[in-house]
Protein chains: 2
Amino acid sequence: MKNAPMQIDPNSNVDLSAQIAQAIRDAIMGGELIVDERLPSESELADHFAVSRPTVREALKRLAAQSLIRTQRGASGGAFVNRLSYPEAYSQHITTATLLLSMNAVSFETACEARYAMERACAALSARRRTADHLATMRAEIFRQQQPGLTDEAFCASDVAFHRALVDGAGNPVLSYQLAGAVEAMQPLMNMITFSARSREAIVKLHTDITDAIEAGDGPAASTALTALECETLTLAQTVFAERARTGKR
Amino acid sequence: MKNAPMQIDPNSNVDLSAQIAQAIRDAIMGGELIVDERLPSESELADHFAVSRPTVREALKRLAAQSLIRTQRGASGGAFVNRLSYPEAYSQHITTATLLLSMNAVSFETACEARYAMERACAALSARRRTADHLATMRAEIFRQQQPGLTDEAFCASDVAFHRALVDGAGNPVLSYQLAGAVEAMQPLMNMITFSARSREAIVKLHTDITDAIEAGDGPAASTALTALECETLTLAQTVFAERARTGKR
DNA sequence: CATTTTTCATTTGTCTGACATTTAAAAGTC
DNA sequence: GACTTTTAAATGTCAGACAAATGAAAAATG
């Protein structure tokens with residue numbers, strides 16, 4: 001906090017709490033405030049920015065919503081710069097990705113293409129690095145997907161678990177994080193799909209192809225199978241959309 | 001808002017404002033509140049949740065920080081469900097990605113690997129879809145990178161512009177969005193690198209290879225060149241880290 | 001003296017009530 | 001009818017207060 005004036009402009013037409021939040025956000029991202037460092041108390045911040053405590057609190061809540069700070073009550077409590085954890089980052093990412101999709105700013109086709117493009121990238125790494133555990137999970141999910149009487153939801157959940165194992169096999173948490181957002185965002189739409197016996201068969205076949213390729217360390221083959229799966233997914237989804245369009249919205 | 005009770009638990013040890021924010025967030029993401037729909041006024045929300053207006057306001061600021069709502073003053077003003085725009089989503093993503101990197105939750109190597117894996121995925125699409133504009137931008141940036149007397153910062157900025165054109169060539173905004181986060185997050189570290197004449201030459205050579213491959217519609221060749229560029233970047237960055245480690249932190 | 005209990009100051013969480021500012025619509029005026 | 005003024009509603013901001021949690025110092029206790 002030494003070299004951080006953190007000034008705001010009271011005459012701006014922007015909310016004071018937004019300005020204060022931005023000033024503190026800049027200080028955190030610029031390195032002036034380091035992880036676990038305690039911010040001044042709300043009263044002190046109010047004095048510093050020449051605003052009231054509720055205004056400071058609104059600013060702090062904005063930062064808390066972004067997981068930039070955490071607060072603690074009591075003596076020696078206060079607001080502390082938060083070390084962003086993976087679960088927190090996941091949550092943020094999924095919220096954003098889901099909204100981008102659901103608000104139609106992104107078409108299903110575009111999201112699907114992006115997802116499978118990234119998954120193919122993971123597959124190449126996964127073919128080299130996957131452990132026996134990842135392979136075992138993938139095989140187990142394929143087995144589950146073949147059970148007769150499986151509900152569509154359970155099939156879908158197993159599908160997600162399969163892809164998760166595939167992606168995690170790459171051993172890169174950043175890629176897992178990116179994919180988690182893409183997969184989660186598509187989940188509501190995927191859950192609307194009715195998986196016929198024939199389409200399940202096709203999917204299981206492709207999952208097997210992918211797993212075989214990963215096991216053999218053959219990245220290109222895994223990519224090819226993923227592309228086929230992308231086509232299958234897109235076709236199924238478009239059927240659902242057509243149905244929705246005919247029977248009216250929702 | 002019809003079928004949305006949106007109740008909270010006053011006896012929970014969680015902040016009331018956090019609970020209220022979550023309740024409204026769920027309503028938005030669950031589709032009970034649609035885009036551009038107006039939320040009840042702060043006073044009405046306060047009555048509904050049986051809390052005071054400042055508490056409601058803190059909740060609304062949390063949602064505003066995530067771009068879930070926007071507020072408008074005056075008569076017929078209020079809080080409205082916000083249609084998440086790309087710039088807003090970008091901003092959120094970049095903030096999260098930058099913090100994950102800067103707080104050392106992610107190593108540079110991991111971030112670099114993820115970035116280039118995704119870029120290779122883009123390259124395959126870009127080879128099929130890039131317009132003449134994208135190619136022209138890439139060539140122009142390569143030309144700029146060859147100018148003698150170019151500062152490291154300018155070289156770095158041109159590098160970013162080159163990669164941006166490459167990624168945008170894929171014509172998939174979701175991929176562009178994902179990559180923007182990865183590239184922006186690495187930017188602070190990239191800016192610390194000193195690009196020697198020899199390393200610039202190597203990079204320009206690889207950029208040319210990539211562009212040639214994209215122009216020829218040869219995705220695999222572009223991928224190969226990108227892998228070589230990844231190695232180059234990693235080597236350069238590691239040199240910087242070693243320097244930093246020897247001369248002490250920062 | 002060591003240990004436990006109590007007190008106390010600090011800080012966030014919440015409430016009440018008020019006023020300022022912005023904004024669109026209603027009312028009034030020419 | 002077109003323009004101006006008024007008004008009501010909503011967010012933005014402030015001031016002060018109390019509640020609740022919490023750690024540390026002070027006091028009591030063995």
(message) Nearest whole Å is fine: how far is D:dT13 C1' from B:Glu42 CD?
(response) 11 Å
(message) Distance criterion of 3.5 Å, no angle test: do you see the side chain of B:Arg73 paired donor-to-acceptor with the base of C:dT23?
(response) no
(message) Expressed as a whole number of angstroms, how long is the span from A:Leu16:CG to D:dA15:P?
(response) 12 Å
(request) Return the nearest nucleotide to the side chain of B:Ser41; candidates are C:dC15, C:dT12, D:dA10. (result) D:dA10
(request) Please state how far atom CZ in A:Arg70 lies from atom C1' in C:dT12, giving the value in whole angstrom units. (result) 15 Å
(request) Answer yes or no: is there a donor N or O on one side and an acceptor on the other, between the side chain of A:His163 and the main chain of A:Val160, under 3.5 Å? (result) no
(message) Between B:Thr71 and D:dG12, is there a contact of a side-chain N or O with OP1 or OP2 at under 4.0 Å?
(response) yes
(message) Rounded to whole Å, please give me the gap between CD in A:Glu44 and P in C:dT10.
(response) 11 Å
(request) Write down the distance between CD1 (A:Ile69) and P (C:dT11), rounded to a whole number of angstrom. (result) 16 Å
(request) Grab the CG-C1' distance between A:Asp15 and D:dC14 for me, whole Å please. (result) 15 Å
(message) Just the rounded figure in Å: distance from P of C:dT12 to CG of B:Asn13.
(response) 18 Å
(request) From the options C:dT14, C:dT16, D:dC14, select the nucleotide whose nearest atom is closest to the side chain of B:Thr55. (result) C:dT14
(request) Would you mind telling me which of D:dC14, C:dT11, C:dT14 lies closest to the side-chain atoms of B:Glu58? (result) C:dT14
(message) Taking the basic N atoms (NZ, or NE/NH1/NH2) and the acidic carboxylate oxygens, is any pair closer than 4.0 Å for B:Glu58 and B:Lys61?
(response) no
(request) Take A:Gly74 and B:Leu39, find for each the nucleotide of DNA chain D with the closest heavy atom, and name the residue whose nucleotide sits nearer the 5' end. (result) B:Leu39
(message) If the cut-off is 4.0 Å, is A:Ser52 near the phosphate of D:dC14, judged by side-chain N/O to OP1 or OP2?
(response) yes
(message) What is the separation between atom CZ on B:Phe49 and atom C1' on C:dC15, rounded to the nearest whole Å?
(response) 17 Å
(message) Does C:dG13 have OP1 or OP2 under 4.0 Å away from a side-chain N or O of A:Arg57?
(response) yes
(request) Hey, can you tell me if B:His93 and A:Tyr177 have their rings parallel, tilted or perpendicular (30° and 60° cut-offs)? (result) parallel
(request) Look at atom CD of B:Glu153 and say whether more than 12 heavy atoms of other residues, nucleotides or ligands are closer to it than 6.0 Å. (result) no
(request) On DNA chain C, check which nucleotide each of B:Gln72 and A:Gln72 is closest to and give me the residue with the more 5' one. (result) A:Gln72
(request) Return yes if a side-chain donor-acceptor contact under 3.5 Å exists between A:Tyr86 and A:Ser176, otherwise no. (result) no
(request) Look at the side chain of A:Arg53 against the base of C:dT11 and say whether a donor-acceptor pair falls under 3.5 Å; ignore hydrogens and angles. (result) no
